[in-house]
Amino acid sequence: MNDILPGDVEVWQHVERTARELFGRFGYAEVRTPMVEDTALFVRSVGETTDIVGKEMYTFEDKGGRSLSLRPEGTAPAARAYIEHSISNSEPLTRWFYLGPMFRYERMKTGRYRQFHQIGAEAYGSKEPAQDVEVMDMVVQLLQALGLTDVSLNINSLGDDACRPAYQSRLVEHLRAHSSELCADCQVRLEKNPLRVLDCKNERCQQIASAAPSILESLCEPCRGHFAEVQRKLDAVGIKYVVNPRIMRGLDYYTRTTFEFIASHPALGTASTVGGGGRYDKLVKSLGGPDVPAVGFGLGLDRLCLLLKEGGQQYGPSKDLFIAAADEGSADVAFALASRLRREGLRVEFDTRGGSLKSQMKRADKLGATYALVIGEAERQSGQAQLKPMRGGDPVPVRLDEVAQTLRNAIKPS
Ligand code: ATP
Ligand code: MG
């Protein structure tokens, strides 16, 4: 679990701000659910035999003897809230996004933490391929807005209740032929949830999985049609993608479309998937809600921020102005001026420790203030001062009662 310190937090805020603004443009409203849920919610949705539920959850008993878990993902809590508040009664199509910490007891590596952060979106009520493409488009546009161009969209279809059982039998047949070579976990998965073998991280299991039959050959006509339409619509909006039958996703609730956004940057090591999602038409009903189809995604903020930091760009807003007092007698006036200018909307620094003018100016330099303004006796008498540009250029004369306006004009890009 990480502390995110000033210096890094600006990158996070930039991503969060960009996402909130963009998702708003798509008509998605923010939902905030608790950090803790009944353990049963995740067992019933994510699935008992998945790594997330089987090995990675922070589960504990509270004082009332209930089994609770820190949320390992955001889709199930959002679906729970959607059901609990009967949202489908008041609107046929609901678009939500969320942002916050998730918890998984995993082995720590680059890009893999025990408290990490996801930004995700869910759309309830539309079974149409256009809805799948809309949520993928949101991710594509977010990555673009962040300047992350080296990320590829991989799509797949997992079929539905009509065609997946037949695929599962074909898969089991293939896996049985190699069962003695599978890892201990996959031996169990083979019996309980064979699709999960396909996303086992064990090398030998992956080799066996890569020789398995493709699910795309087993799709029924409606699923095939849905997947074809998703691709046609992706083409129509100009989104590039790769069809990848290995995209299974590590959760049980998906039907039909699944997708992952995979980055090819060495900074992420093996944690190269920045996000993924898909359609989950049966989840809401299976959790006791109405029969409402849905599709969504979750993006790993930690990994996005790692990639952005690699770019080396500065994200925090700079200080507009540093006000220095040339002598002790000017400190009160300078302090009051700083207060007033903040009220007027400027980002102003003032060194409350006082000290020599030289040390104050050094600090102005270190903070990267755009301008500095020195108040001394002469300035107090005349009501006039000089705005000194800290990165070179001529000083700008200014009246002390017009600093905000003058500075705005000076900063404004012409
Ligand atoms: P991976 O295959 O890398 O383990 P996952 O399939 O378990 O990922 P999802 O459940 O799909 O991950 O979560 C969506 C995104 O959340 C991931 O693509 C990743 O960016 C992020 N994520 C998941 N687990 C972690 C973690 N432990 N630390 C940091 N980010 C994570
Ligand atoms: Mg994982």
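Atom set for the values below is all heavy atoms of this structure, side chains included, hydrogens, waters and symmetry mates excluded. Order of appearance sets the numbers: ligands from 1, and atoms from 1 within every ligand. Keep in mind it's a predicted model, so treat the numbers as computed, not measured.
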(Q) Under 6.0 Å from the ring centre and within 45 degrees of the ring axis: does the NZ or CZ of R114 meet both conditions for the six-membered ring of Y105? (A) yes
Q.
Just to be sure I understand the cut-off, which residues have at least one non-hydrogen atom under 4.0 angstrom from an atom of ligand 1?
A. R104, E106, G111, R112, Y113, F116, Q118, K201, R249, T273, V274, G275, G298, G300, R303
Q: Please determine which of I119, V9, L301 meets the side-chain contact (heavy atoms from CB on, under 4.5 Å) test together with E16.
A: L301
Q: Please check if the distance between the ring centroids of F297 and F259 is under 6.0 Å.
A: no
Q: Go through Y28 and E134 one step at a time and tell me if the side-chain hydrogen bond (donor to acceptor under 3.5 Å, both in side chains) criterion holds.
A: CA-CA 11 Å; Y28 284 67; E134 178 185 284; 2.5 Å; yes
Q: Please determine, by modelled atom types, if R170 and S218 share a side-chain donor-acceptor pair under 3.5 angstrom.
A: yes
Q) For atom CD of Q206, is the number of surrounding heavy atoms from other residues, nucleotides or ligands below 6.0 Å larger than 12? A) yes
